Number of protein chains: 2
Amino acid sequence: MQKPRQTTIIDIARALRVSPSTVSRALHNHPSISAATKRAVLEMAEKFDYQPNLLALSLLNKKTGIIGIVVPEITGYFFATVISGVQDMVSSAGYKLLICQSNESFEEEKKLLQDMALLRVDGVLISPTFRTKTFDHFDRLKNAGIPLVIFDRDCPNYKADKVLVDSYDGAYQAVEYLIKTGRQHIAHIAGPIAFPTFKQRLDGYLHAHYDNNIPIRSELIVYSDGFSSDYGVDALEKLMICNKKLDGIFAVNDAVAIGAMRVIREKGYRIPEDISIVGFDDESYAQYYFPSLSTVWQPVYELGMLSAKILLDHFANKEPRESYRYEVLKPELVVRDSSPPLY
Amino acid sequence: MQKPRQTTIIDIARALRVSPSTVSRALHNHPSISAATKRAVLEMAEKFDYQPNLLALSLLNKKTGIIGIVVPEITGYFFATVISGVQDMVSSAGYKLLICQSNESFEEEKKLLQDMALLRVDGVLISPTFRTKTFDHFDRLKNAGIPLVIFDRDCPNYKADKVLVDSYDGAYQAVEYLIKTGRQHIAHIAGPIAFPTFKQRLDGYLHAHYDNNIPIRSELIVYSDGFSSDYGVDALEKLMICNKKLDGIFAVNDAVAIGAMRVIREKGYRIPEDISIVGFDDESYAQYYFPSLSTVWQPVYELGMLSAKILLDHFANKEPRESYRYEVLKPELVVRDSSPPLY
DNA sequence: TTCCCCTACGCAAACCTTTGCGTTAAGCCG
DNA sequence: CGGCTTAACGCAAAGGTTTGCGTAGGGGAA
C-alpha cells in the first residue's frame, strides 16, 4: 500500500517561494521573521494539514520522547496498576510510553532492552524477571546513556535507581496481626524463595514469630514452586494431610490464599472461626471474595508514579549522577472478614 | 547528562579509510564488496559495538516497525489479555508494540492517535472509548496511510476492519440457560445501554425471553450508569426493595455480578438455591469466587491475535483494499456453582 | 552622499543510513 | 600494447528538521 507522502516543511516553502528555514522559524514564532510571512506560513500549514515529522526531529535532537517500561507480565492487577501510575506521570511530562512484557523470560528481557536501545528511548523502567541474575544488558543501556530505574523487584548487588516495596514489613505486619488476634499455629505458604520478594515475606513471617516468642514449626511452612491459585490448593492439601494443628495462614499472595480457602472450605473448616487467613497484594477481587480477604495492600499506583518521577528527574539533571536513589515504600495491612480482630 | 555518541557507520568507515557506503554494503553482505573488506568491517563493527540507528532507518524507509494499540484501560483482565495476544502476534513478526490507554476519555483518545500519527507507527489497533461517536481522528490516520483495526467495541456505521465478540449471543446463551434450568423470574442488571456492547447484552436477554415464551417484566431490568461492582450492589438493592419475585440474575459483567452476590447474601438469600446468577467476561477471579461464578467466556487472547493478524496482513498487501474484514468471535457459557444445571 | 545598522531571510551542515550510478584500476584478450 | 570487461569501491542524494552564520537591501544618521 503506497503511503501518501506527508506534507513537509519543504512543500510549504516551495508553495510560498521561501526557504525551509524560514518556514521552520515561522512555525516556531522566531523573532526574525516578519509578521506577514508568519501569517502566510501558518495559513499554508493549516491548509496542507502539516504535521512535523517526529522521526526527523528525534534523529536531530537525539531524543525520542519515548520512555520504555518492561514488566514480567501485564495481565494482573499489580503491574497493570503500576503502569497506570507511570503512564499518568510520563504523559503529563509529554512523554510517550512503550510498554513491553518479558513473560518472566530472561532472553525476552534482554531482547526487549536491546530493542529499546536501538529505538533510542530516552529512559527505561524495568521490573526484572525472577530469572534475571546477570545485569550486562542493564549496563549496556547505561553505557548508551539511557537512564534506568528498577522497580518492585530488587537486584541485590546491582547499582541503579530503585523503587521497591517493603515486602518484609508487610509480611511482618500480617503475621504479627494474626498472633495478636490469638492465633498460635500459623502456616506460611511461601513462594519460590529464590526470588528476593518471596524470601522477604518468609523472613517477615519468621521474625514476627521470634519477636513474639512463638516457636516456629517448620512443618507449617510450605515451599511452592509458583504463586498462582493452584499452588495454594496444593499447599493446603499438604498441610491438611497430616492433620496438623493449624489456626492461621499467611499466604504469599492473594491468588494462593484463595486457592487455599477453597480447600479449607471443602475440608469442612470455617473461615475465620477455625482458620484465619491473610494474603498479599490486595488484588481487586480480594474485597469481594466471600469471606472478604484480609491482605497486605501495596502503594502500587504510587510505586509507578515515583519510579517515573525519578526517571524524569534524570532528564532534568544534566550532570551524570554518582549516587543512586533507593526508595522503599511501605505496605499496609488491610483487615477484612477472613481474619477478624477478635473472635 | 551528555549522551555518549553511539558509534556510527561513519566511525567505522573512518577507521578503515573507506567510505560509509562500503561499510553499509559490507554489513549487508553485498556481493560487490571484497571478502577482505567485509572481514575488516565486521571486525571493526564488533570492536566498536556498532548498533544501527533505527531512527535514521525509519526516516529513510518510512516505516518504524512499531504498531500502536489504544485501549480504554489496561487494568483488568480483558484488555490485558487482548494485549498479550497482540503482543505475541506482532513480536513474532518483528514489530514492537506501543501500548496506550485512553481512560475512556475521548479527548485522550484523539491525542493518542495524533501522537501515533506523528510517530509514524506502521499500524494501529484500537478499542474505542464508549464516548467515541465521531471518527474524524480515525480518518486522519487512514489518510496518512496508517492502517487501522477496531476491536471489541463496535463503531456502528463506520467503515473499517473490525474484530468483535458477539455479546448478543453470549447473553442469549446465558439467559436461555437460566430459563432451561427452571428459572422464570430473571432479572438483568444492564450496563449503560448507550454503549453498543451493553445494548447487545440486553437484547440477548430480551430475545431469549421471547423465544422461550417467557413474559418480560420490565421491573426486573435495572439500568446502571456504570459497570463496576458498586453498581451491582446498587442494582440489587433496588431490586430487593420491592420484594419482587426473583430467582435468577443475568449481570452485564462479572464485577457487577459479584457486587450483586454480596447483597443477595446479606439479605439472607442463598446462591444458587434461591437465586441463580450468571455474569459476563470470565474474569480471573470468577472461578475462585464462592460460590464459583457462572459466566460468559470470551476468546480474549484469540481476539488479540486475530486483530493483530489482520493488521499484519495489511502490510503484506501492497494494494489498497476496497473491502473491510469483519470478524465476529463467539463467546461460550461457562457453568459453575452459582447456577447449577439442576436443583 | 556615504556609511552603518538592522530587518528578514537563505545557505549549508548535521543527524545516520541506504542505494543508484559513476569511477578507478586491474586483468584479459587479441 | 591498446581496448575492453569487471571487480571493488566512492559520490551524492534522499529522508525532514533545526540552527549558526552569512547576506542583501532598505532606511536612517552624519
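A quick note: this is a predicted structure, and the numbers were derived from the prediction, not measured. Every heavy atom of this structure was used, including side-chain atoms; hydrogens, water molecules and symmetry mates were not.
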Of all the choices, D/dT18, D/dT17, C/dA8, which nucleotide is nearest to the side chain of A/Thr8 once you look at every atom?
-> D/dT17
Would you mind reading off the distance between B/Lys38 atom NZ and D/dA7 atom P, rounded to a whole angstrom?
-> 13 Å
side-chain N/O A/Ser34 vs C/dA8 OP1/OP2, d < 4.0 Å | no
Quickly work out the B/Asn29 CG to C/dT18 P distance and round it to whole Å.
-> 14 Å
Find the distance B/Leu27:CG to C/dC16:C1' and express it as a whole number of Å.
-> 13 Å
Using whole Å, report how far NE2 of B/His30 lies from P of D/dA7.
-> 12 Å
Between D/dT17 and A/Ser24, is there an OP1 or OP2 to side-chain N/O distance shorter than 4.0 Å?
-> no
Does B/Pro31 or A/Asn61 map to a spot on DNA chain D nearer the 5' end, using the closest nucleotide for each?
-> B/Pro31
Donor-acceptor side-chain pairing of B/Ser105 and B/Ser102 below 3.5 angstrom | no
Around A/Gln114, counting heavy atoms of other residues, nucleotides and ligands shown, do more than 12 lie under 6.0 Å from its CD?
-> yes
Might you work through the side chain to side chain contact (heavy atoms under 4.5 Å, CB included) test for B/Leu97 and B/Val86, ending with a clear yes or no?
-> CA-CA 8 Å; B/Leu97 189 61; B/Val86 171; 3.9 Å; yes
Answer yes or no: is there an ion pair linking A/Glu104 with A/Arg153, defined by an N-O contact shorter than 4.0 Å?
-> yes
Proximity to DNA chain D (any heavy atom under 4.0 Å), residues of residues 50-60 of chain A only = A/Tyr50, A/Gln51, A/Pro52, A/Asn53, A/Ala56, A/Leu57, A/Leu60
Closest to side chain of A/Ile10, choosing from C/dA8, D/dT17, C/dC16 = D/dT17
Could you check how far CZ of A/Phe48 sits from C1' of D/dG16, rounded to whole Å?
-> 16 Å
Quiz item: A/Arg14 side-chain donor-acceptor pair to D/dG16 base, under 3.5 Å = no
Taking only residues two or more places apart in sequence or in another chain, which ones pass salt bridge (charged side-chain N to carboxylate O under 4.0 Å, His left out) with B/Asp11?
-> B/Arg5, B/Arg14
Between B/Ile33 (CD1) and C/dT18 (P), how many Å, whole number?
-> 13 Å
Whether over 12 other heavy atoms sit under 6.0 Å from B/Glu43 CD = no
Axis-to-axis angle across the helix from C/dT1-D/dA30 to C/dG30-D/dC1, five pairs an end, to 10 degrees?
-> 70°
Do other residues, nucleotides or ligands put more than 12 heavy atoms under 6.0 Å from B/Lys162 NZ?
-> yes
With A/Tyr301 as partner, the option from A/Ile83, A/Asp88, A/Leu306 fulfilling side chain to side chain contact (heavy atoms under 4.5 Å, CB included) is A/Asp88
Cationic N near anionic O, under 4.0 Å, B/Arg325 to B/Asp313 = yes
Go through the N and O atoms of the side chain of B/Ser21 and the base of D/dC11, and report whether any donor-acceptor pair is under 3.5 Å.
-> yes
Options D/dC9, C/dC16, C/dC9, nucleotide nearest the side-chain atoms of A/Thr37 = C/dC9
Please evaluate the base of D/dG10 for a donor-acceptor partner in the side chain of B/Arg25 within a cut-off of under 3.5 Å?
-> yes
When you look at B/Lys133 and B/Glu109, which way does the salt bridge (charged side-chain N to carboxylate O under 4.0 Å, His left out) test go after all the steps?
-> CA-CA 12 Å; B/Lys133 303 294 174 206; B/Glu109 176 176 302; over 6 Å; no
Rounded to whole angstrom units, what separation is found between the CG atom of A/Asp11 and the P atom of D/dG16?
-> 8 Å
Look at the side-chain N and O atoms of B/Lys62 and state whether any lies under 4.0 Å from the OP1 or OP2 oxygen of D/dA14.
-> no
Separation of atom CD1 in B/Ile9 from atom P in C/dT19, rounded to whole Å | 11 Å
